[in-house]
Amino acid sequence: GAVVSQHPSWVICKSGTSVKIECRSLDFQATTMFWYRQFPKQSLMLMATSNEGSKATYEQGVEKDKFLINHASLTLSTLTVTSAHPEDSSFYICSARDRTSGPYEQYFGPGTRLTVT
Amino acid sequence: AQSVSQHNHHVILSEAASLELGCNYSYGGTVNLFWYVQYPGQHLQLLLKYFSGDPLVKGIKGFEAEFIKSKFSFNLRKPSVQWSDTAEYFCAVNSDTGGFKTIFGAGTRLFVKA
């Protein structure tokens with residue numbers, strides 16, 4: 001149980017275009033999902049927290065207009081990187097909290113590697 | 001500010017050597033602690049977690065960790081490493097005072113020589 005999937009697993013886009021990444025909780029309902037980014041050989045940095053049906057909360061330094069997060073249902077959150085630039089190339093990882101198992105643990109997706117050319 | 005520190009950025013060991021990776025956190029309130037492993041080219045896997053109870057936690061693949069509240073530490077240990085343990089290890093923490101957002105340490109890259 002507690003499986004989180006991400007789609008796509010790998011995407012290449014041209015500079016200036018937008019790309020959407022999906023995060024789904026497959027066998028549980030997630031009231032809260034988190035988005036992280038991981039640069040090569042670095043740690044995971046929390047970008048934002050999204051709660052179903054409400055606006056996402058962004059961490060300091062993360063541009064909310066550039067990284068649009070939508071959490072429209074209890075099993076789906078999306079991250080849209082708008083007007084992508086090469087410096088946005090990174091590994092984006094989502095995680096989800098099972099609303100029935102308390103707030104302590106998050107289940108992580110496999111990540112999406114974004115390359116902007 | 002809430003933070004997680006991992007002391008060793010790179011560790012090189014020979015097979016069968018013992019491993020201890022340090023993790024300290026700076027959080028108020030009740031904390032939940034995790035160790036994750038990321039093998040080359042793969043996604044995060046949970047090694048072990050501590051919420052409450054026995055401060056010595058056993059995880060998968062022979063790993064264990066000890067929560068020492070007075071030292072704000074949660075060090076990861078394994079008595080005898082294998083070549084297949086080569087990976088990056090992340091300590092992570094969340095707490096009620098931080099809205100249960102999980103924050104990661106910088107990671108420790110472990111290389112085990114065969």
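Lettering follows sequence order; numbering is per chain, from 1. From a predicted model like this one, the values you see are computed outputs, not experimental measurements.
For chain A, the nearby parts of K101(B) are the backbone and the side chain; heavy atoms of each come within less than 4.5 Å. For Q6(B), no part lies near chain A; criterion is any non-hydrogen pair under 4.5 Å. With a 4.5 Å cut-off on non-hydrogen atoms, L46(A) touches chain B through its side chain but not through its backbone.
You'll find the side chain of F90(B) reaches within 4.5 Å of the side chain of Q38(A), heavy atoms only. Side-chain contact between E105(A) and F51(B) is present, with heavy atoms from C-beta onward closer than 4.5 Å. Using a 4.5 Å heavy-atom cutoff, the side chains of L44(A) and L44(B) are in contact.
Linking ILVMFWY side-chain heavy atoms closer than 4.5 Å, directly or via other members, places Y36(B) and F74(B) in a single hydrophobic cluster. A single hydrophobic cluster is seen to contain both W35(B) and I60(B), as judged by linkage of ILVMFWY side chains at heavy-atom distances under 4.5 Å, directly or through other members. In the hydrophobic clustering of ILVMFWY residues, with side-chain heavy atoms under 4.5 Å counting as a link, F100(B) and W35(A) come out apart. Side-chain heavy atoms closer than 4.5 Å link hydrophobic residues (I, L, V, M, F, W, Y) into clusters, and following such links, even through other members, never connects L76(A) to F28(A). Connection of I69(A) to V11(A) is established within a shared hydrophobic cluster, with ILVMFWY side chains joined at heavy-atom distances below 4.5 Å, either directly or through further cluster members.
Other residues, nucleotides and ligands place no more than 12 heavy atoms under 6.0 Å from the NE2 atom of H7(A). Surrounding NZ of K66(A) are more than 12 heavy atoms belonging to other residues, nucleotides or ligands, all under 6.0 Å away. In the displayed structure, I12(B) atom CD1 is contacted under 6.0 Å by at most 12 heavy atoms of other residues, nucleotides or ligands.
A side-chain donor-acceptor contact under 3.5 Å links Q106(A) to the backbone of T102(B). Between the side chain of S43(A) and the backbone N or O of G105(B) there is at least one donor-acceptor pair closer than 3.5 Å.
With chain B as partner, the option from R113(A), K41(A), M45(A) having the largest number of non-hydrogen pairs under 4.5 angstrom is K41(A). Interface summary for chain A: among Q42(B), E88(B), Q38(B), the most heavy-atom pairs under 4.5 angstrom belong to Q38(B).
Within the model, atoms CZ of F104(B) and OH of Y36(A) stand 5.0 Å from one another, a figure rounded to the nearest 0.5 Å.
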- Task: Show the numbers, then the answer: is there a side chain to side chain contact (heavy atoms under 4.5 Å, CB included) between F108(A) and Q45(B)?
- Result: CA-CA 8 Å; F108(A) 285 83; Q45(B) 294 180 39; over 6 Å; no

